[in-house]
Amino acid sequence: MTVTTNVDGISNRLLDLVPAAGSPQTRKDFTSDQEVRWCPGCGDYAILATVQGFLPELGLARENVVFISGIGCSSRFPYYVDTYGMHSIHGRAPAIATGLAVSRPDLSVWVVTGDGDALSIGGNHLLHALRRNVNVKILLFNNQIYGLTKGQYSPTSEQGKITKSTPMGSLDRPYNPVSLALGAEATFVARSVDSDRAHLTSVLRAAAKHPGTALVEIFQNCNIFNDGAFDQLKDRTTREDHTLRLNHGEPLVFGVDSDRAIIRAADGSLAVGAATDPAVVVHDARATDPTHAFALSRLTGDSADVTPIGVFRDVDVPAYDELVNNQVTEATDRFGDGDLMALLNSGDTWSVD
Amino acid sequence: MSEQVREKETRQVDRVVIRFAGDSGDGMQLTGERFTSETASFGNDLSTLPDFPAEIRAPAGTPAGVSGFQLHYANHDILTPGDAPNVLVAMNPAALKANLKDLPRGADLVVNTDAFTGGNLKKAGYATDPLSDGTVDDFHVHRVPLTSMTIKAVNAAEGTDGLNKKESERAKNMFALGLMSWLYHRPTEGTVTFINRKFGKLPAVAAANIAAFRAGYNYGETTESFSVTYEVAPARMAPGTYRNISGNVALSYGLVAAAELTGLPLFLGSYPITPASDILHELSKHKNFNVRTFQAEDEIAGVGSALGAAFGGALGVTTTSGPGVALKTETLGLAVSLELPLLLVDIQRGGPSTGLPTKTEQSDLSMAVLGRNGEAPLPVVAARSPSDCFHAAIEAARLATKYRTPVILLSDGYLANGSEPWLLPSRESLPDIKVTFATEHNHTAADGSTEFWPYLRDPETLARPWAVPGTPGLEHRIGGLEKADGQGTISYDPANHDKMVRLRRAKIDGIASDIEPLEIEDPSGEAKVLVLGWGSTYGPIAAGCRRVRARGMKVAQAHLRHLNPFPANTGDVLRAYDRVLIPEMNLGQLLTLIRARYLVDAIGYNQVRGLPFKAAELEGVLEDVINQ
C-alpha cells in the first residue's frame with residue numbers, strides 16, 4: 001500500500017491539538033534502530049508493519065506520538081517504533097497513558113497491550129480508561145495464551161485448554177474483550193486480524209478518527225504456544241464463510257456468496273439467517289445505546305459459527321482529557337491565574353510587628 | 001461581647017491545654033478548630049492534636065465513637081499539643097469515660113449533664129452515674145445542662161423559626177465553644193463571622209449557632225460554677241504575617257509552590273485514603289494554578305498516572321498512606337529505572353495492614369528506604385512539623401527534578417491533622433529550582449552524526465537528561481528493562497548491569513553533599529548525650545530536651561530531614577557523643593539504619609500507641625539516659 005500524508009483527512013477536535021508533520025512521512029520514519037526480537041512467524045510482526053505503515057497517514061509530528069505498553073510479548077512494541085515510548089509494568093499502561101494524555105493534549109497517545117496484560121493483571125485499569133473515555137488508542141493483541149511466560153492459559157483461552165499450568169484442562173470461563181469493553185460503555189470498540197493488513201489499517205484509521213478511548217482487539221497468532229487459534233478467520237478456504245465484516249450503515253451480510261446474514265430474532269437477539277430475510281440487521285455503530293453492539297459481540301465462532309470484525313461502536317462523547325482541561329480553563333477564567341503568595345496569605349492571618 | 005466588663009477574677013497563666021470531647025457527630029473537630037482560630041488571631045503560639053475514630057459515625061454514645069480535639073497554647077513558643085489537659089469538655093458519658101484517664105487531678109472538667117441519662121451511661125459502660133458515685137471527686141467539676149440551655153437559647157433567638165428540636169440541639173457544640181471562649185478570654189468576632197459564612201444559605205441555622213455561642217459565653221459570666229477565668233498573654237513571636245495551618249494544607253501549598261518554582265504543571269494522581277485524602281481535596285480547589293488532580297481507580301493507577309504525567313514533563317505527584325505505598329511499590333521501582341522525577345507523599349498511619357487509619361505512627365520508614373525489589377535506592381525526606389510540610393514538599397520536589405528520581409516524602413497523621421501558627425515565607429526566600437528539559441542531541445556517533453542518548457549522565461549529579469515528548473529529534477524509548485549505560489537501549493550484559501546498579505546508587509548517595517548538614521542544638525556545648533529524631537517527633541523531643549535542660553542537665557538534639565541519603569556529617573555527629581538516643585513511633589526503624597550504617601550503638605526508645613510522644617515521657621527517658 002502506498003501511503004501519503006493524511007490521505008483520508010483523518011481528523012477530530014482532539015487530533016487537531018497535535019502538531020502536524022512538517023513533511024510527508026514514510027514507514028521508515030517510524031522504524032527504530034532496534035532489532036525486532038519476536039519469535040519468527042509471530043503475528044506481532046504483521047501488526048508492527050501495519051502500524052508503521054499506517055502512522056505516516058496520520059500526518060502527525062513524529063515527536064508528538066507516544067506508545068506506552070505494559071509487559072508481555074506485545075509490550076515490546078514501543079521499542080520498535082521511532083517515536084517516544086515507554087515499556088512500563090504489567091497491566092498498568094492505561095493508567096500511565098491516562099496521566100500523560102490528560103496533562104499533554106498535544107500528544108497522540110497509543111497503548112499496546114495483550115490479553116494477559118490488559119484483561120488479567122490490568123483489567124481494572126482497562127475498564128476505567130474505557131469508561132472515562134480518555135483520549136488514548138488501545139491496541140490489544142489477543143493471542144489467547146501467555147507467550148512470554150511460556151505458554152499458560154490466559155483470560156481469553158477457551159475452557160478446557162491444556163497448557164503447562166493446566167495439564168487437565170483450564171477451568172476458567174474466558175471472557176470476550178469486545179463484550180467487556182462495551183459493558184464498560186467504551187465509546188469505540190473494534191476488532192481486526194493480524195494478517196489482514198487492509199482491514200487492520202481501516203480499523204486503525206477509524207480508531208485514530210475517534211475522539212476518545214478506542215479499543216482495538218487484534219486477533220494475533222502465537223505460532224509457538226497457540227498456533228492456529230484464528231485459522232478459521234485466516235484460511236482462504238474458510239474465512240469468508242466465518243467472518244462478518246461490520247460496516248456502518250450497511251446490512252450485516254457475509255459468506256462466499258453473500259447469502260448469509262445477521263437477522264433479529266423474535267426475542268430481540270441476533271442470529272444467523274438468510275440474506276434474503278426481511279429482518280436482516282443494518283449495522284449502526286453510532287447508536288448511543290450499546291445494546292446493538294453488545295449483541296453483535298456475542299456472535300462468535302463458537303456461538304454462531306461467525307465472528308464479526310470491524311467497528312462495533314463509535315460514538316462521540318466528550319473525552320475525559322477535554323473535560324479535565326476545560327475545568328482548568330474554567331477555574332482560571334473564574335479566579336484568574338493562580339497567585340502563590342495570595343494563596344499562602346488566604347484565610348485568617350495576623351501580623352506580629 | 002469580648003469587650004464587656006469582667007466581674008470575676010482573672011488569672012494570668014503561661015499556657016493552657018484544653019480538650020473538647022464528644023460523639024463523632026457532635027462537631028468536636030469544628031469546635032476545636034474554631035477555638036484554635038480564635039487563639040491564633042489573639043497571637044498565642046499553639047499546637048493542636050485532633051483525635052478521632054476511623055468510623056464516620058461510630059455507634060453513638062459509645063467510647064469507640066468519641067472524637068476529641070486538644071489544643072495547647074501559650075505566651076511563649078511551644079512544641080507539642082500538650083501532655084495533659086487543664087480542662088476537659090465532655091459532651092456525654094462516653095467522652096468522659098474515654099478521656100478522664102488523661103485528666104490530671106484538680107483539673108477543670110466541664111460536663112454536659114443533659115447527656116448523663118440512664119441509656120447514655122449504659123452505652124458508655126458506666127454502671128452508676130460517674131458524676132455522683134465519686135468518679136470525678138478529684139476534679140473541679142462544672143455541671144452544665146448544655147443541651148437544654150442550647151435549645152432554650154435557640155428558641156428565644158430571632159430568626160430561628162422553623163428549626164425543630166433536633167436541629168436546635170445540634171448547636172450545642174457552639175454553646176460549649178462560647179463558654180470556653182469566655183473562660184479563656186478568646187476573641188469571638190471571628191467565630192460569628194465564620195458561622196455566618198458557613199451557614200450563609202441557611203440563615204436559621206446560622207442564627208441558632210450564633211445564639212448558642214453567645215448563650216454559652218454569657219452563661220460563663222452569670223453562673224456561679226466558674227469563679228475564675230484565665231488569660232494567656234500573646235506569645236512573643238518573630239515579626240511577620242502568620243496564619244494557622246495544618247500539615248496537609250501546608251503540604252498541598254508546598255506542592256503548588258514547587259510546581260511554580262520548577263516551572264512545571266502539577267499533576268496529582270491519587271486514590272482516597274486516610275489520612276492523606278485532604279491533600280487531594282485541597283489541590284482540587286486550585287486548578288487555576290494549572291493543577292490537574294486525578295482521582296484514580298486505585299493506588300496503582302494513582303502513581304501510574306503521575307509517572308505518565310512526569311514522562312510528559314509535569315511535576316507528577318501521588319499521595320497516600322502505608323497500604324497505598326505497598327501497592328505503588330512496583331511503579332516506584334519503574335520510576336527508579338526510568339530515572340524520571342516523581343513524588344510519593346506518604347502520610348503515615350498505624351500499621352500493619354489497615355492498622356489504625358486515623359492514628360499516627362512512623363512505621364513506614366523501612367519500607368520507604370528499603371522496600372522495593374532489586375537495588376532501587378531513592379531519596380527519602382521527612383517533615384518535622386505541620387508548617388514544615390510546606391518546605392519539605394519543596395525540598396522533595398527539588399531532589400526529584402534535579403536528580404530525575406522518585407522521592408518519598410514522609411509525613412504522618414499527627415502532622416497532617418495537627419496545626420500550628422506559620423510565619424509565612426516571602427517569595428524571595430523560596431529556592432530557585434527551575435527545571436530545564438533536554439532539547440539537543442548529546443552524543444556523537446562514530447560516523448560523526450549526532451544522536452540523543454537518554455542515559456548519558458550529568459557528570460556532577462549523575463542525573464540523566466529529561467527529554468519530553470514533543471521535542472523533535474530526541475525520540476527515545478525507555479522502560480523497566482535494564483538499559484545500556486549512556487545509550488539507554490535494552491542491555492542484558494552482566495558488566496553493564498553491575499555498572500548501572502552502582503550508578504543508580506551513586507546518584508542517590510551523591511545527594512548527601514547537596515543537602516543541609518545535620519545541625520546540632522546543644523546550648524551548653526558540653527552534652528554527652530545526643531537525641532536523634534526524624535519526622536513529627538521533633539516537637540516532643542525538643543520539648544523533652546528543654547525540660548531536662550531547665551533542670552540543669554545537658555543534652556544535644558539533632559533532627560533528620562533526609563533519611564536517605566543521610567547528611568554527609570551524620571557519622572561525625574553521632575560519634576561525637578557518648579550515647580545516642582533515638583526515640584521513634586515504631587520499633588526502631590531509624591535505629592536499625594543508623595546502627596547498620598555507622599556502627600554506632602544507639603539506644604532506641606519506642607512506642608506505637610497511635611499518639612505522639614509526651615514531653616514528660618521523653619523528659620523521663622532523657623534523664624535516665626543522661627544519668628546512665
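In what follows, chains are A, B, ... by sequence order, proteins preceding strands, each numbered from 1. Because only heavy atoms are used, hydrogens play no part in the values below, and waters and symmetry mates are left out as well, while side chains stay in.
Listed for the B:Asn288 side chain is no donor-acceptor partner under 3.5 Å among the backbone atoms of A:Ala331. For the pair A:Arg104 (side chain) and B:Gly312 (backbone), a donor-acceptor distance under 3.5 Å is present. Proximity of a side-chain donor or acceptor of B:Arg477 to a complementary backbone N or O of A:Tyr80 within less than 3.5 Å is not detected.
Taking each heavy atom of B:Phe311 and A:Gly85 in turn, the nearest pair found is CZ-O, 3.7 Å. Taking both residues in full, the closest heavy atoms of B:Thr489 and A:Gln34 are given as CG2-NE2, 3.2 Å, listed atom of the first, atom of the second, then distance. For the pair A:Asp82 and B:Glu475, the tightest heavy-atom approach, listed with the atom from each and the gap, is OD1-CB, 3.9 Å.
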**Prompt:** Checking side chain to side chain donor-acceptor pair (under 3.5 Å) for the pair A:Asp348/B:Ser37: CA distance, chi angles, key distance, verdict?
**Reply:** CA-CA 8 Å; A:Asp348 297 333; B:Ser37 212; 3.2 Å; yes
**Message:** Run A:Leu344 and B:Arg243 through side-chain contact (heavy atoms from CB on, under 4.5 Å) and show every step you take.
**Reply:** CA-CA 9 Å; A:Leu344 302 191; B:Arg243 64 174 283 170; 5.7 Å; no
**Request:** Applying side-chain contact (heavy atoms from CB on, under 4.5 Å), run through A:Val102 and B:Phe294 and close with a yes or a no.
**Result:** CA-CA 9 Å; A:Val102 163; B:Phe294 173 57; 5.7 Å; no
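The closest side-chain heavy-atom distance from B:Arg292 to A:Asn325 is below 4.5 Å. Inter-residue side-chain proximity for A:Tyr84 and B:Ile478 is flagged as unmet; no heavy-atom pair is nearer than 4.5 Å. Side chains of A:Asp353 and B:Pro239 form no contact here, defined as non-hydrogen atoms less than 4.5 Å apart.
Both the backbone and the side chain of B:Val468 have a heavy atom closer than 4.5 Å to some heavy atom of chain A. If you measure heavy-atom distances from B:His286 to chain A, the contacts under 4.5 Å come from the side chain alone. When heavy atoms are compared at a cutoff of 4.5 Å, B:Leu430 approaches chain A solely by way of its side chain, counted from C-beta outward. There is no contact between B:Ala310 and chain A, counting heavy-atom distances below 4.5 Å. Within the 4.5 angstrom heavy-atom criterion, atoms from both the backbone and the side chain of A:Ser346 approach chain B. For B:Pro265, no part lies under 4.5 angstrom from a heavy atom of chain A. Only the side chain of A:Tyr320 comes within contact range of chain B, with at least one heavy atom under 4.5 Å from a heavy atom of that chain. At a 4.5 Å heavy-atom cutoff, the contact between A:Thr83 and chain B is made by backbone atoms alone. Heavy atoms of B:Phe267 lying under 4.5 Å from chain A belong exclusively to its side chain. When heavy atoms are compared at a cutoff of 4.5 Å, B:Ala257 approaches chain A by way of both its backbone and its side chain. The part of A:Val66 that comes within reach of chain B is its side chain, from C-beta onward, which places non-hydrogen atoms under 4.5 angstrom from that chain. Both the backbone and the side chain of A:Leu343 come within less than 4.5 Å of a heavy atom of chain B. Heavy-atom distances place the side chain of A:Arg132, and not its backbone, under 4.5 Å from chain B. For A:Val65, no part sits under 4.5 Å from any heavy atom of chain B, backbone or side chain. With a threshold of 4.5 angstrom between heavy atoms, B:Thr331 approaches chain A through its backbone and through its side chain. Residue contact with chain A, scored on non-hydrogen atoms closer than 4.5 Å, involves the backbone and the side chain of B:Pro425 alike. With a 4.5 angstrom heavy-atom cutoff, A:Asp339 touches chain B only via backbone atoms. A:Val324 touches chain B through its side chain: at least one heavy atom from C-beta onward sits under 4.5 Å away, while N, CA, C and O do not. If you measure heavy-atom distances from A:Met86 to chain B, the contacts under 4.5 Å come from both the backbone and the side chain.
Going from atom CD of B:Glu297 over to atom CG of A:Asn124 covers 5.5 Å, rounded to the nearest 0.5 Å.
Between chain B and the residues A:Thr329, A:Ile96, A:Val81, the most heavy-atom pairs under 4.5 angstrom are made by A:Ile96. Comparing A:His125, A:Arg334, A:Gln327 by heavy-atom pairs within less than 4.5 Å of chain B, the highest count is held by A:His125. Of the listed residues (A:Thr349, A:Thr332, A:Leu340), the one with the most heavy-atom contacts under 4.5 Å to chain B is A:Leu340.
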